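Taking it in order: structure first as structure tokens, then the write-up.
We count ligands from 1, going down the list as the structure has it; atoms in each ligand are counted the same way. Remember, predicted model here, so these are calculated numbers, not experimental data.
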Amino acid sequence: MPTLTAPADAKVQLTEANKAFIKRANKLLIDGQWVPSASGKTFPTYNPATGEVITRCAEGDKEDINRAVAAARQAFEKGPWKDLTASERGRIVWKIGDLMLEHADELAELEAYDNGKTRGVARYVDVPLSADAFHYMAGWATKICGQTFPISVPYMPGSKFHAMSLREPVGVVGQIIPWNFPLLMAAWKLAPALAAGCTVVLKPAEQTPLTALRLGELMIEAGVPPGVVNIVTGYGETAGASLAAHDDVDKVAFTGSTEVGKLIVQAAAGNLKKVSLELGGKSPNVIFKDTADLETAINGAANAVFFNHGQCCVAGTRLFAEKAVFDQVVDGIASRAKKIKLGFGLDEDTQMGPLVSEEQLARVTGYLEAGKRDGAEFVTGGVRHGDRGYFVEPTIITNTKPHMSVVQEEIFGPVLVAEPFSDEEDLIRRANDTTYGLAAAVWTKDTARAHRIAKAYRAGTVWVNCYNVFDSALPFGGYKQSGWGREMSGEALALYTESKAVIVAL
Ligand code: NAI
Ligand code: MG
């Protein structure tokens, strides 16, 4: 049984900077000003380790979205942003990354407090990766280029042209982000949009609004002009839905559930705005008995599913281990799972925090109950931990059938489904037997097999002998119902630019 440090006794000791910030985190950022919501309404954000309210944030709704979109439109069409050189724009984007690193400890503390993740993960994964997204994209600002084309125009013999394409910012962008990596998802969305010269209305997740608001302050400090980035906190069904449907938004970028992704597509149909989506996953992680070092693969498999409490779109939640090593692999992951120390994310020795919300606790424990009803076997975990906060024990499930919901659906908690396999071809079929296609992994020292399987996977990212390796330079996104488009890397610029063909008669 994992040990639980009692969150009830956890003393919330925040830095003075964060105590002061939390007091002013009740406004929206519209046109460079911090303003209350039009309705005056607020909503609570909670410490998921205790269920206590941290503070109340401004509850933005349709009217606030209208104002934010108008400010973004104005900033896109007039004013300093449009007239900056690419180099000047790039320097502002770079400065945001610098300021994030300068305030890394503070941002990590805020993220861990609001989301429940451990301070260490926030400090050494979320914050540096977020800053790197801005630093990486800053370099792209000066490298967004069109092309020239040697055109022939067969029906105009003898005519001469100079033909080229221009890459222009797509315009006003609506960005709707989730709560599992709140700051990082804001960075993945904002950095390429700003590098491309777009203006933005960002809608953070209602569960975790704090770090996006703090980032808003840092962006102003970095020199982002008024109206270029607007931040409207509030609920998905109201503020989010208004943004997705808004007729004056040129593009919407969304990360979250596949269910809401489909609603975004419908909402976008009104003015046929561009849409990019990063949705759920149910990623296969395959261990062959010929893997170079079984202990490394076992550690990798535990990390694949338990990192960030399983609240990862790429979580390796479907483990396939070759029959000869299946028991050893499952025992190895189970013994690691049992030792994981659950607790308040801000406590030093905590290794896994709570799920983000009461709703997610209910969702995850609902899947665990369904798995039990369906007759699956629970090797370890399977229940809520404690009676305060939203903790779930790291769980391993075996003896499943393909139709079970624990096998088919994204659970988004620390829950692994493990199955043995013996035949490679059959394994590939089973690994790909999902509506999702976000990530996949394989552990083997047979190079040809590694390449064969990497090609056979229908997924946007494949890890070989590793897991959860991310970098700003890598394209990230999904096959099938895991999404549309690729974020990060040079490919992300395609999401935030339009291509214009220009033909000049000579
Ligand atoms: P969600 O998809 O409802 O929330 C994501 C974002 O969309 C939030 O900002 C939310 O306010 C907004 N939103 C919700 N409804 C909307 C609507 N009708 N129009 C516009 N925006 C809307 O995700 P939720 O309910 O928080 O989590 C449910 C499940 O979604 C999780 O259990 C997990 O399976 C999946 N999920 C996947 C994520 C990923 O990284 N791909 C991240 C978060 C959740
Ligand atoms: Mg929801």
**Prompt:** At a 4.0 Å cut-off, with the gap strictly under it, does some heavy atom of Trp179 reach an atom of ligand 1?
**Reply:** yes
**Request:** State the atoms of ligand 1, each with its element, that fall below the 4.0 Å cut-off from a heavy-atom position in Glu278.
**Result:** 41 (N)
**Item:** Phe470 ring center within less than 6.0 Å of Trp463 ring center
**Value:** yes
**Asked** Donor-acceptor pair, Asp250 side chain versus Lys273 backbone, under 3.5 Å?
**Response** no
**Prompt:** What atoms in ligand 1 come closer than 4.0 Å to a heavy atom of Cys313?
**Reply:** 39 (C), 40 (O), 41 (N)
**Prompt:** Just by modelled atom types, is the Ile54 backbone N or O under 3.5 Å from a matching donor or acceptor in the Tyr46 side chain?
**Reply:** no
**Asked** At under 4.0 Å between heavy atoms, which part of Ile177 makes contact with ligand 1: side chain, backbone, both or neither?
**Response** backbone
**Item:** Pair His246-Asn66, side-chain hydrogen bond (donor to acceptor under 3.5 Å, both in side chains): steps then yes or no
**Value:** CA-CA 8 Å; His246 203 292; Asn66 287 343; 3.1 Å; yes
**Complete:** Rounded to the nearest 0.5 angstrom, the CG-CD1 distance for Asp248 and Ile65 is 13.0 Å
**Message:** Heavy-atom contact check, 4.0 Å cutoff: does Met185 meet ligand 1?
**Reply:** no
**Message:** Could you tell me if Lys251 sits above the aromatic ring of Tyr496, with its cationic atom closer than 6.0 Å to the ring centre and no more than 45 degrees from the axis?
**Reply:** yes
**Asked** Does the side chain of Leu243 reach to within under 4.5 Å of the side chain of Ile176, using non-hydrogen atoms?
**Response** yes
**Message:** So that I can tick it off, tell me whether Arg123 and Glu111 are bridged by a salt bridge, with the cut-off set at under 4.0 angstrom between side-chain N and carboxylate O.
**Reply:** no
**Atoms in ligand 1 flagged as close to Gln207, the criterion being non-hydrogen separation under 4.0 Å** = 26 (O)
**Request:** Please determine if Glu206 has a nitrogen or oxygen closer than 3.5 Å to a nitrogen or oxygen of ligand 1.
**Result:** yes
**Message:** Exactly one of Pro48, Pro209, Pro182 should register a side-chain contact (heavy atoms from CB on, under 4.5 Å) with Asp114. Which one does?
**Reply:** Pro209
**Asked** Does the N or O separation between Phe254 and ligand 1 drop below 3.5 Å for any pair?
**Response** no
**Closest candidate by heavy atom, reference atom 40 (O) of ligand 1, pool Leu279, Thr238, Asn180** = Asn180
**For ligand 1, the portion of Gln311 having any non-hydrogen atom under 4.0 Å away** = neither
**Message:** Please list, in number order, the atoms of ligand 1 under 4.0 Å from a heavy atom of Pro178.
**Reply:** 42 (C), 43 (C)
**Asked** For ligand 1, which atoms sit closer than 4.0 Å to a heavy atom of Ile264?
**Response** 20 (C)
**Option set Gln360, Glu409, Gln175, criterion heavy-atom distance to atom 32 (O) of ligand 1, minimum** = Gln360
**Item:** Numbered atoms and elements of ligand 1 in range of Ala205, under 4.0 angstrom, heavy atoms
**Value:** 9 (O)
**Request:** Between Ser257 and ligand 1, find which residue part has any heavy-atom pair under 4.0 Å and reply side chain, backbone, both or neither.
**Result:** both
**Request:** Compute the shortest N/O to N/O distance between Thr255 and ligand 1 and return yes if it is under 3.5 Å, no if not.
**Result:** no
**Asked** Counting each atom of ligand 1 from 1 as listed, which ones have a heavy atom of Ile176 under 4.0 Å away?
**Response** 6 (C), 7 (O), 9 (O), 12 (C), 20 (C), 21 (N)
**Message:** When you measure from the side chain of Lys372 to the backbone of Gly382, do you find a donor-acceptor pair of N or O atoms at a distance under 3.5 Å?
**Reply:** yes
**Request:** Report, in ascending order of atom number, the atoms of ligand 1 lying under 4.0 Å from any heavy atom of Gly240.
**Result:** 19 (N), 20 (C), 21 (N)
**Request:** Would you verify whether the NZ or CZ of Lys117 falls within 45 degrees of the ring axis of Phe181 while also being under 6.0 Å from that six-membered ring's centre?
**Result:** yes
**Prompt:** Does Gly234 reach ligand 1 with a nitrogen or oxygen that is under 3.5 Å from one of the ligand's nitrogen or oxygen atoms?
**Reply:** no
**Prompt:** Is there a side-chain contact between Leu416 and Thr395 (heavy atoms, below 4.5 Å)?
**Reply:** no
**Asked** Among Glu359, Arg363, Glu410, Lys262, whose heavy atom sits nearest atom 34 (O) of ligand 1?
**Response** Glu410
**Request:** Compute whether any side-chain donor of one residue and acceptor of the other, for Glu52 and Asn47, lie under 3.5 angstrom apart.
**Result:** no
**Message:** Tell me whether Glu259 reaches ligand 1 (any heavy atom closer than 4.0 angstrom to a ligand atom).
**Reply:** no
**Request:** Decide if the gap between the ring center of Trp179 and the ring center of Phe412 is smaller than 6.0 angstrom.
**Result:** yes
**Request:** Would you check whether Lys203 has a nitrogen or oxygen atom less than 3.5 angstrom from a nitrogen or oxygen atom of ligand 1?
**Result:** yes
**Request:** Nearest heavy atom to atom 37 (C) of ligand 1 wins, so pick from Ala245, Ala241, Gly256, Gly483.
**Result:** Gly256
